[in-house]
Protein chains: 2
Amino acid sequence: MNAPNPSETAFSIAAVERDTGLAKDTLRVWERRYGFPSPTRDANGERLYPADQVERLRMIRRLLDHGRRPARIVGASVEELSAMLDACLCPEGGTPAGRDDGLLQLVRLHRSVELAAALRQALMKQGLQRFVAETVAPLAAAVGEAWMRGEVDVPEEHLFTEQVQNVLRSAIGAHAASEGRPRVLLTTFPEEEHVLGLLMAEAMLVPEGASCLSLGTRTPLADIRSAAVSGGFDIVGLSFSIAYPARQAIEGLLELRALLPEEIALWAGGAAVRDKQKRLPGIHVVGDLEDTMAALLQWRRTHA
Amino acid sequence: MNAPNPSETAFSIAAVERDTGLAKDTLRVWERRYGFPSPTRDANGERLYPADQVERLRMIRRLLDHGRRPARIVGASVEELSAMLDACLCPEGGTPAGRDDGLLQLVRLHRSVELAAALRQALMKQGLQRFVAETVAPLAAAVGEAWMRGEVDVPEEHLFTEQVQNVLRSAIGAHAASEGRPRVLLTTFPEEEHVLGLLMAEAMLVPEGASCLSLGTRTPLADIRSAAVSGGFDIVGLSFSIAYPARQAIEGLLELRALLPEEIALWAGGAAVRDKQKRLPGIHVVGDLEDTMAALLQWRRTHA
DNA sequence: AACCACGTTTGTCCTGGACAAACCGAACTC
DNA sequence: GAGTTCGGTTTGTCCAGGACAAACGTGGTT
C-alpha cells in the first residue's frame with residue numbers, strides 16, 4: 001500500500017506549479033536565492049520535489065496569500081510555518097463559539113451526497129436569505145480557515161463550491177425573474193475566479209425584489225461598462241476574494257468608476273476591499289452581507 | 001479614439017500567454033524555429049507582440065485544438081490560416097439549414113440581458129429536455145464554430161456559459177430531488193474545465209426520474225471512485241470537450257474503469273471520445289444527447 | 001485492417017544573468 | 001496623528017540557447 005514509489009512521493013516542477021500555484025520561474029529562483037526548495041534530480045537532471053517539500057511550499061503559498069513576504073518564510077521550518085499559519089487565524093482569538101462544523105466535516109470527508117442533501121435541507125428550513133447568512137457564509141469562512149490550516153485542498157474546495165453553487169443557483173432561479181428596482185449587475189474582475197461572493201450577494205438581493213444579472217467571473221472592464229450601460233442597470237456589484245491583491249482591486253475600481261456614468265452606482269465587497277472605503281471615493285464598500293441589505297435600503301430611500 | 005498607443009496595440013509575452021493559451025516557452029521556441037512570431041522589443045529588450053501577430057497566434061491555437069500540427073501552420077499567412085479554419089468547419093458541407101442564429105448574435109454582441117431573457121423564454125416554451133436538445137446544444141455548437149472563426153472570444157464564451165449555466169441549474173433544481181434509479185454521478189477529469197456538457201446531461205436525465213449528482217469539473221480519479229462507491233451510484237458519467245486530447249481521455253477512462261467496481265457503469269460523452277467505442281471496452285460511449293436517453297432506457301431494461 | 005518499429009516533430013526543462021515593479025520604512029508635511 | 005514622498009531592498013518575470021523525452025506520423029509486417 002505504501003510502497004515508496006518515487007512517482008508517488010516526488011513531483012516534477014510542472015506538477016508542483018499546478019499544486020502550489022507557484023510559477024516554475026519562482027520555484028527555480030527561490031532555490032537559487034534561499035536554498036529552498038532543494039529538489040533532487042532525476043536521471044535527466046530534472047527537478048524532483050519530495051512530497052514534504054511540496055507540503056511546505058503549500059504552507060508558504062497560503063502565508064503569501066495573507067500578505068507575508070518570501071524572505072522571512074521561505075527558509076522557515078514546518079513548525080515555524082505552522083505557528084505563523086495559526087497566528088493568521090482568528091487574530092481576535094478563538095473560533096466563533098457554537099459554530100456548526102457538521103457541514104465542514106462533510107466537505108473534508110468528501111461526502112458529496114450528504115453535503116448536497118444537508119445544504120438543500122438547510123435551505124428549506126431557513127429560507128434563502130437566512131441560509132446564505134447563517135449557513136453558507138459561515139461554512140465558506142470555515143472552509144477558508146481549513147484551507148489555511150491545510151486541512152482541505154483543491155478537490156475539497158471544489159466540491160464545496162460546486163454544491164453550494166448548485167443550491168444557490170436553483171434557489172435564485174426559483175424567484176420569478178423580477179422587474180423590480182434596483183437593477184443590479186454582478187461580476188468580478190478578470191483575475192478573480194471566485195464565484196460564491198457573487199452568488200451570495202444575488203441570493204440576498206433577489207428576495208428583496210431587486211433584479212439581478214450575473215455576468216459570472218472574469219469580466220474585462222470594458223465589458224462591464226458596456227453591459228451596465230446598455231442593460232440600463234442602476235448598480236454594478238464587484239466581488240473580491242481574500243487572495244485578490246488589494247492594490248489591484250483599488251486601481252481597477254477607480255478605473256471602472258471613471259468609465260461608468262455617474263448615475264450608475266458602484267458597489268464592492270469582499271475581503272480585499274474591506275476597510276478601504278476612504279481610498280475609494282464614489283464607490284460603496286459593502287463589508288458583509290448585512291451591509292448589502294443596508295446599502296439596498298439606502299439606495300431605495302435615495303431613489304424613491 | 002484610435003490613437004496608436006503602443007500599450008494598446010502591442011502585448012507582453014505574459015499577456016500573449018493569457019490571451020492565446022500558448023506557454024511562454026512555446027512562444028520563444030517557435031520564434032527560434034519557425035521565425036514566427038517575430039515580436040519587436042521594448043527599451044529593455046523584452047518582447048512586444050503586435051496585435052496582428054497575436055490574432056494570428058489565436059488562429060493557430062484554434063487549429064492546434066483541432067489536431068493540426070505546428071510545423072505546417074505556424075509559418076502560414078492569415079489568408080491560409082483562414083482557409084484552414086473554414087475547412088475545419090462543417091466538414092460535411094453547409095451550415096445546418098434553418099438554424100436560429102438569433103441567440104448567437106446576442107452572445108456576439110454581449111447582450112447579456114436579452115440573452116438571459118431569451119434563454120428563459122425558450123426554456124418555458126420548450127420544457128427542459130427539448131430546450132437542451134433544440135436550443136442549448138445547437139447554440140453551444142454555434143458558439144464553438146464562431147470561436148473557431150474568431151468571431152467570439154473569451155468574454156463572449158464566458159457570458160454564454162454563465163447564462164446557460166444559470167438557466168439550466170435553476171431548471172434542474174426545480175425538479176424535486178429524486179430518489180429514482182439509476183443514480184448517476186457526473187463530473188470531468190482534472191484537466192477538463194468545461195461544465196456545460198455535464199449540465200446538459202443532467203438536464204436530460206433528471207426529468208426522466210434519474211437522480212443525478214454533479215461533482216463539478218476537475219475531479220481527481222481517486223475522488224471519483226470514492227464518491228461513486230460511498231454514494232451508492234449506478235453510473236458514473238464523464239464529459240470531454242473537443243479540446244481534450246483523445247489519447248489522454250482514453251487512458252484516463254481505462255484507468256477509472258479499472259478503479260471502479262464492475263457493477264458501476266461508466267459512461268463517457270463529448271467530442272474527444274466520439275467514435276472511440278472500440279478502444280473503450282466496458283465503457284459506454286454516448287455520442288450525443290439522444291444517445292444518452294437511449295442509454296438510460298437500456299440501463300433500465302437491463303436492471304429491471 | 002490492426003499493430004509495431006523508427007525517424008521526426010514539439011513542448012518543456014535547464015542554467016545563470018539581468019532588471020523593473022512592488023514593497024518597506026524613514027523622513028517629511030499638512 | 002494621518003498621510004505623502006523618497007531611497008533602498010526584495011522579488012517575480014524575462015532573456016538566451018542548449019538539451020532531451022514524449023508525442024506523433026509513417027511505412028513495413030502480421
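To find a chain, count down the sequence lines: A is the first, B the second, and so on, and within it residues start at 1.
- For A:T161 (side chain) and A:E157 (main-chain N/O), a donor-acceptor pair under 3.5 Å exists by modelled atom type.
- Nearest to the side-chain atoms of B:R41 among the listed nucleotides C:dT9, D:dT11, D:dA16 stands D:dA16.
- Between A:D65 and A:R61 there is a salt bridge, since a side-chain N of the basic residue sits under 4.0 Å from a carboxylate O of the acidic one.
- Under the 30°/60° scheme for interplanar angles, the aromatic rings of B:F189 and B:F240 are found to stand perpendicular.
- To the nearest angstrom, P of D:dA22 lies 11 Å from CZ of B:R247.
- Atom CD in A:E31 sits about 17 Å away from atom P in D:dT13, given to the nearest Å.
- Rounded to whole Å, the distance from CD on A:E17 to P on C:dG11 is 17 Å.
- The shortest distance between the side-chain N/O atoms of A:Y34 and the OP1/OP2 oxygens of D:dT10 is not below 4.0 Å.
- B:R47 comes within contact range of the sugar-phosphate backbone alone, with a heavy-atom separation under 4.0 Å but no base atom that close.
- Minimum atom distance to the side chain of B:A23 is reached by C:dT12, of the listed C:dT12, D:dT11, D:dG12.
- Nearer to the 5' terminus of DNA chain C, by closest-nucleotide assignment, is the contact made by B:L64 (compared with the other of B:E46 and B:L64).
- The nearest heavy atom of DNA chain D to B:G67 and to A:R72 marks one nucleotide each, and the one closer to the 5' end goes with A:R72.
- At a threshold of 4.0 Å, the pair A:R58-A:D153 counts as salt-bridged, since one of the basic side-chain nitrogens sits closer than that to a carboxylate oxygen.
- Distances shown here put a side-chain N or O of A:T26 below 4.0 Å from the OP1 or OP2 atom of D:dT13.
- Ion pairing of B:E31 with B:R41 is present here, as a side-chain N (NZ or NE/NH1/NH2) and a carboxylate O approach within less than 4.0 Å.
- A:D25 comes within 4.0 angstrom of a nucleotide base, judged by non-hydrogen atoms across all strands.
- For the residue pair A:E192/A:S241, the side-chain donor-acceptor check at 3.5 Å is satisfied.
- Note on the helix from C:dA1-D:dT30 to C:dC30-D:dG1: angle between the axes of the first and last five pairs equals 60°, rounded to 10 degrees.
- Distances from the side chain of B:R28 to the nucleotides D:dC14, C:dG11, D:dC20 place D:dC14 closest.
- Residue B:W30 places its side chain closer to C:dG11 than to any other of D:dT11, C:dG11, C:dT15.
- Following rounding to the nearest Å, B:K24 (NZ) and D:dA16 (P) show an atom-to-atom distance of 15 Å.
- No engagement by B:R279 is indicated, since no non-hydrogen atom pair under 4.0 Å with the nucleic acid exists.
- Contact annotation: side chain of B:R32 to base of D:dG17, donor-acceptor pair present below 3.5 Å.
- Comparing D:dG12, D:dC14, D:dT10 by their closest approach to the side chain of B:I13 singles out D:dC14.
- Residue B:L27 contributes atom CG, which lies 15 Å from atom P of C:dT10 at whole-angstrom precision.
- Side-chain N or O atoms of B:E191 include none that pairs as donor or acceptor with a backbone N or O of B:P245 at under 3.5 Å.
- Distance CZ (A:R69) to C1' (D:dT10): 5 Å, rounded to an integer number of Å.
- If you take CZ of A:R68 and P of C:dC23, they are 16 Å apart, rounded to a whole angstrom.
- Phosphate proximity of C:dC19 to B:N44: absent, as no side-chain N or O sits under 4.0 Å from OP1 or OP2.
- In this entry the distance linking CG of A:L48 with P of D:dA21 reads 14 Å, nearest Å.
- At distances below 3.5 Å, not a single donor-acceptor pair connects side-chain atoms of A:T219 with backbone N or O atoms of A:D223.
- Side-chain N/O atoms of A:R33 and base N/O atoms of D:dG12 include a donor-acceptor pair closer than 3.5 Å.
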